[in-house]
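Everything below concerns the one structure shown next.
Computation of the quantities below employed the complete heavy-atom set of this structure, encompassing side-chain atoms and omitting hydrogens, waters and symmetry-equivalent molecules. All ligand and atom numbering here is 1-based and tracks the order in the structure. Quantities reported herein were computed from a predicted structural model and do not represent experimental measurements.
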Amino acid sequence: MESSFSRSLKATVVLCLSGLAVWFSTAAALLGATTDIRDRPDILFIVVDDLNDWISLLDPAAPIPTPNLERLARRGMLFTRAYCASPACNPSRTAALTGLRPATTGVYGNASDWRQALPRRRTVMQQFKAAGYEVKGAGKIFHHHHNGAFHDDASFDEFQALRPQSYPPQKLNGGADYGSRNTDWGKWPLRDADTVDASTVDYCLRALADPDRNRPLFLACGLFRPHSPFFAPAPYHEPFQDLKLPDRDPDDWTDLPPGAVSLLKPKRWFWKGLMRLEARRPGSWRAFVQAYAACVAFADAQVGRLLDALDRHRLWDRTVIVLWSDHGFHLGEKNHLEKFALWEKTTHIPLIIVAPGLTRPGSRCDRPVDLMSLYPTLLELGNLPPDPQCDSRSLVPLLRQPDAPWNSPALTTYLPGNHSVRSDRWRYIRYANGDEELYDHRSDPDERDNLAAERRFADILSDHRKWLPAEAKKPIGNLKNK
Ligand SMILES: [Ca+2]
Ligand SMILES: [Ca+2]
């Protein structure tokens with residue numbers, strides 16, 4: 001007679017084998033053993049605007065909770081050291097969505113017309129369209145100027161434009177002389193439903209619920225928060241009344257070389273303006289940071305609505321999900337505000353990839369990677385042919401095995417000739433005039449002590465210099481960033 005132990009052992013073996021069978025069949029569908037378009041996974045592609053790393057997803061000690069990003073990460077792989085290709089909306093998005101770096105294309109600034117620079121280059125969405133996918137999108141995918149000039153109709157079968165931002169009758173931050181209404185912050189609007197992003201997510205929920213799909217779906221969801229103005233309905237602000245302010249050293253800039261200062265100086269008005277406002281209205285800096293946190297909480301809640309739809313329609317097993325931010329954001333660290341710099345705070349981003357049958361639930365990868373890998377990764381996950389023009393390679397080996405060999409660092413470019421190389425341990429920055437910075441993340445995660453002038457690090461410097469792009473395409477359009 002069979003013992004209860006051997007029965008339960010058998011049951012466990014059967015369960016494991018059937019689990020493995022599901023795993024192998026989904027992995028086979030993902031990785032090319034099938035060519036039938038109907039067997040290909042749906043893709044949910046979520047891009048969040050200006051979301052930095054001061055979030056519980058990336059740092060349990062960070063003050064901004066992101067429960068829905070963590071919920072998503074539990075389904076797949078979190079990249080703990082992912083970096084943008086450029087610390088501004090247009091060059092970052094153009095690079096990620098075309099697979100070509102700023103130094104390859106000349107698209108360095110927010111005013112560079114990327115389509116003029118790359119009239120024939122297929123975006124990653126166009127690759128999926130050509131392969132038979134239905135490609136839909138909503139919100140901020142490409143960088144939008146006020147007139148939507150940089151949107152690309154050719155990338156979508158159907159697209160819902162970003163809903164225009166509504167503004168309160170008067171500025172809310174009390175700083176009539178600090179910035180424009182686009183750098184305002186406060187409790188606005190009253191209801192979630194009246195926000196820019198609710199409308200974007202509503203569209204995506206309808207696309208996910210469509211029962212008549214006979215083609216695989218590529219759905220791009222572009223969330224606008226936490227981009228300024230830092231507006232979110234009142235309940236999102238409440239948890240942050242006692243938020244600590246970021247640490248900073250008032251003298252942090254004394255060891256910066258002239259190349260750094262001249263690059264960053266045009267953006268100093270953000271920080272100096274906020275400090276002037278702080279002097280006149282104490283508490284303004286804290287209110288600014290609290291409002292950013294509220295906008296992150298709001299964006300996280302919008303991601304939660306998408307995840308609820310995946311639960312509701314049982315889409316997890318057939319959907320590849322990629323979530324990323326176009327760059328990070330300074331809240332006063334290193335006496336800097338906003339983006340437009342090459343340090344950790346501006347370049348470090350959340351990146352989550354869920355590939356059913358491929359990524360282990362709740363896995364993490366600590367290899368330094370950058371957003372240039374998104375395009376080739378998506379092609380591989382969608383079982384599309386690789387594109388030899390891409391400037392980087394697919395992350396699929398790391399999705400399979402997070403500690404697989406990966407000998408290239410992450411590379412970020414800001415305006416022509418300024419680059420940052422982030423390896424496991426070091427951040428190396430080289431400015432257009434040849435000036436350098438070097439930070440040791442093992443002992444200095446806030447990048448306070450520039451070590452580039454110390455002779456004992458000469459080998460580290462030369463190891464990192466070899467990753468700088470050989471090519472430097474001339475800039476397209478003017479380089480102003482607003
Ligand atoms: Ca952005
Ligand atoms: Ca310093």
Which of parallel (below 30°), tilted (30 to 60°) and perpendicular (above 60°) describes F150 and H143?
tilted

Angle subtended at the Ca ion (ligand 1) by D50 OD1 and C89 SG, rounded to 10 degrees:
120°

State whether H227 contributes an N/O/S atom found under 3.0 Å from the Ca ion (ligand 1).
no

Mind checking whether the Ca ion (ligand 1) has an N, O or S of H143 under 3.0 Å?
no

Parallel, tilted or perpendicular: rings of F142 and F156 (30°, 60°):
perpendicular

Tell me, with the steps shown, if K339 and D49 meet salt bridge (charged side-chain N to carboxylate O under 4.0 Å, His left out).
CA-CA 11 Å; K339 40 252 183 170; D49 205 358; 5.7 Å; no

Are N182 and Y167 close enough that a side-chain donor and a side-chain acceptor fall under 3.5 Å?
yes

OD1 (D326) to the Ca ion (ligand 1) to OD1 (D49), nearest 10°, is 80°

Report yes or no: does D255 have an N/O/S atom closer than 3.0 Å to the Ca ion (ligand 2)?
yes

Atom of H464, atom of W426 and distance for their closest heavy-atom approach
NE2-CB, 3.6 Å

Please work out the angle at the Ca ion (ligand 2) defined by atom O of D252 on one side and atom O of R448 on the other, rounded to 10°.
160°

